[in-house]
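Below is one structure, written out as structure tokens; the observations come after it.
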There are 2 protein chains.
Amino acid sequence: MSTKDNQTEEKIFEAATTVFVEKGLDGARMQEIADQAGINKALLHYYYRTKERLFNAVFEKLALILFKRFAPVLDANMSLEDKLRFFYREHIDFLKKNRSLPSFILNEINRNPERLKKLISGYEVDKLWRILEEQHKEELQKFNITYRNIPQLMTSIAALSVFPFAARGIFEVIFEKQGISFDDYLEERKKFAPEFVIKAIKGSA
Amino acid sequence: MSTKDNQTEEKIFEAATTVFVEKGLDGARMQEIADQAGINKALLHYYYRTKERLFNAVFEKLALILFKRFAPVLDANMSLEDKLRFFYREHIDFLKKNRSLPSFILNEINRNPERLKKLISGYEVDKLWRILEEQHKEELQKFNITYRNIPQLMTSIAALSVFPFAARGIFEVIFEKQGISFDDYLEERKKFAPEFVIKAIKGSA
DNA sequence: GTCTATAGAAGGATAGAC
DNA sequence: GTCTATCCTTCTATAGAC
């Protein structure tokens, strides 16, 4: 492939990312992607053949970026509490820069769960479970977190950072009516969320 | 209006609800709605003129149902703790029967926040804030919940019940891989979520 | 590799008969 | 009120020149 190929293909991919994230698969138009990329509609098909293929490329890239953001913090050499503080700081920072990403990914998966199945077919999904369990066995035991309700804990942790973005449209409108800035809310959330979880866990002791 | 009018209009509305919730505004087809209602495409336009109007009718009805489910519990004459237990039990039960509702509402609002603005223009959104604040002043003070971080608390409470449904596609797939039943998870959540919040709040004391 | 032009299908909306 | 038939626009996709 020549350099020029890559440049065009990348321009298309970036434009497609923008439009798909904003409008969704069904709402996106190939014409709009072409305009955004500054090229012709026919070129989209030259590089990606169909809308579906172009979408899949974008979706898979973004979904992996989003999911992989959950993992690394779990491997770090920290106490459970510090991991939580670190996680929310990093994760909310990342999502602040990609505000529409959660809503896009969640929605497209809900609409077609097969996409996710294909994506994670090679992965060991329970890796996060087991890392949490193995690295923090004593802490979790102390707090009466059993293996059985690790799913409850994990989904709660995720909920506290992802939900504000998934429900961004609602929160922004309601906050605005109250004179609250969504960005200030997010900044505070980096501190509030980990302390909330830590207190909830410690309260189990 | 004759009885027959209402019957047809209602059949259309119900079919539209099913299809719009499942496919979204952009993904829904008037033909599919007509088929689902067992009538002709032209009749849709006879009753609702355009796809947009039909969608608006469905969206507004469902959004109000969803939002109003948050309010009544706040008025009840209970301690904050019992309200939380009551809320999660009722709310998760309701969402279990309407699993795709959160994803649908959140997504359509994110895609077009004007819908929400129109919907709540007559409402005092901060009513929930103030009820919480006034009815539980002492409890909240005791737990160091200031007026400033009531938004943090409210959004966290909502996140714990709504997020599992907003991310249902992901959770169902991952749980299945782990041999966990999503329905069992939801049943447990009715207990886990309120205790989680209560412990988090009490830990602030 | 990139463009213009256009095919071909689908979908929203309407006209008009009953 | 309900149906059939059809219009018209929009959209994906391709053909073919450069």
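The chains referred to below are lettered A, B, ... by the order of the sequence lines, with proteins before strands, and numbering in each begins at 1. All values below were derived from every heavy atom in this structure, side-chain atoms included, with hydrogens, water molecules and symmetry-related copies excluded.
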Partner residues of [X] under the side chain to side chain donor-acceptor pair (under 3.5 Å) criterion, sequence neighbours left out:
{"X": "B:Glu22", "value": "none"}
{"X": "B:Arg130", "value": "B:Glu124, B:Asp126"}
{"X": "A:Lys61", "value": "none"}

Quiz item: Under 3.5 Å, is there a donor-acceptor pair between the side chain of B:Arg29 and the main chain of B:Asp26?
Solution: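 Flag set: sc B:Arg29 to bb B:Asp26 pair under 3.5 Å.
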
Between [N] atom [atom2] and [X] atom [atom1], what is the distance in whole Å?
{"X": "B:Glu32", "N": "C:dG12", "atom1": "CD", "atom2": "P", "result": "10 Å"}
{"X": "A:Ile39", "N": "C:dT4", "atom1": "CD1", "atom2": "P", "result": "11 Å"}
{"X": "A:Asp35", "N": "D:dT10", "atom1": "CG", "atom2": "C1'", "result": "14 Å"}
{"X": "B:Leu54", "N": "C:dG11", "atom1": "CG", "atom2": "C1'", "result": "15 Å"}
{"X": "A:Leu43", "N": "D:dA13", "atom1": "CG", "atom2": "C1'", "result": "14 Å"}
{"X": "A:Lys11", "N": "C:dT2", "atom1": "NZ", "atom2": "P", "result": "8 Å"}

List the atom pairs, donor and acceptor, that lie under 3.5 Å between side-chain atoms in residues 159-176 of chain B and the rest of the protein, sequence neighbours left out.
from     : atom 1 : to       : atom 2 : distance (Å)
B:Ser161 : OG     : B:His91  : ND1    : 3.2
B:Ser161 : OG     : B:Ala158 : O      : 3.3
B:Arg168 : NH2    : B:Ser100 : OG     : 2.8

Below 4.0 angstrom from OP1 or OP2 of [N], is there any side-chain N or O of [X]?
{"X": "A:Thr8", "N": "C:dG1", "result": "no"}
{"X": "B:Tyr47", "N": "D:dT2", "result": "yes"}
{"X": "B:Arg29", "N": "C:dA10", "result": "no"}

Self-check item: Those residues of residues 13-28 of chain A lying under 4.0 Å from DNA chain D by at least one heavy atom
Solution: A:Ala28

Quiz item: Any salt bridge (Lys or Arg N to Asp or Glu O under 4.0 Å) pairs touching residues 83-95 of chain A, not counting sequence neighbours?
Solution: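 Salt bridge (Lys or Arg N to Asp or Glu O under 4.0 Å) check on residues 83-95 of chain A returns A:Glu81-A:Arg85, A:Asp82-A:Arg85, A:Arg85-A:Glu195, A:Asp93-A:Lys190.
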
Quiz item: Does any non-hydrogen side-chain atom of A:Leu25 lie less than 4.5 Å from one of A:Glu52?
Solution: yes

Which pairs of donor and acceptor atoms, one on a side chain in residues 32-39 of chain A, lie under 3.5 Å apart (sequence neighbours left out)?
from    : atom 1 : to      : atom 2 : distance (Å)
A:Glu32 : OE1    : A:Lys23 : NZ     : 2.9
A:Glu32 : OE2    : A:Lys23 : NZ     : 3.1
A:Asp35 : OD1    : A:Gln31 : NE2    : 3.0

Hey, what are the protein-to-nucleotides 13-15 of chain C N/O distances that come in under 3.5 Å?
from   : atom 1 : to      : atom 2 : distance (Å)
C:dA13 : OP2    : B:His45 : NE2    : 3.2
C:dA13 : OP2    : B:Lys51 : N      : 2.8
C:dA13 : N6     : B:Lys41 : NZ     : 3.3

Quiz item: Does B:Lys118 have any side-chain contact (heavy atoms from CB on, under 4.5 Å) partners at least two apart in sequence or in another chain, and if so, which?
Solution: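 B:Glu60.
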
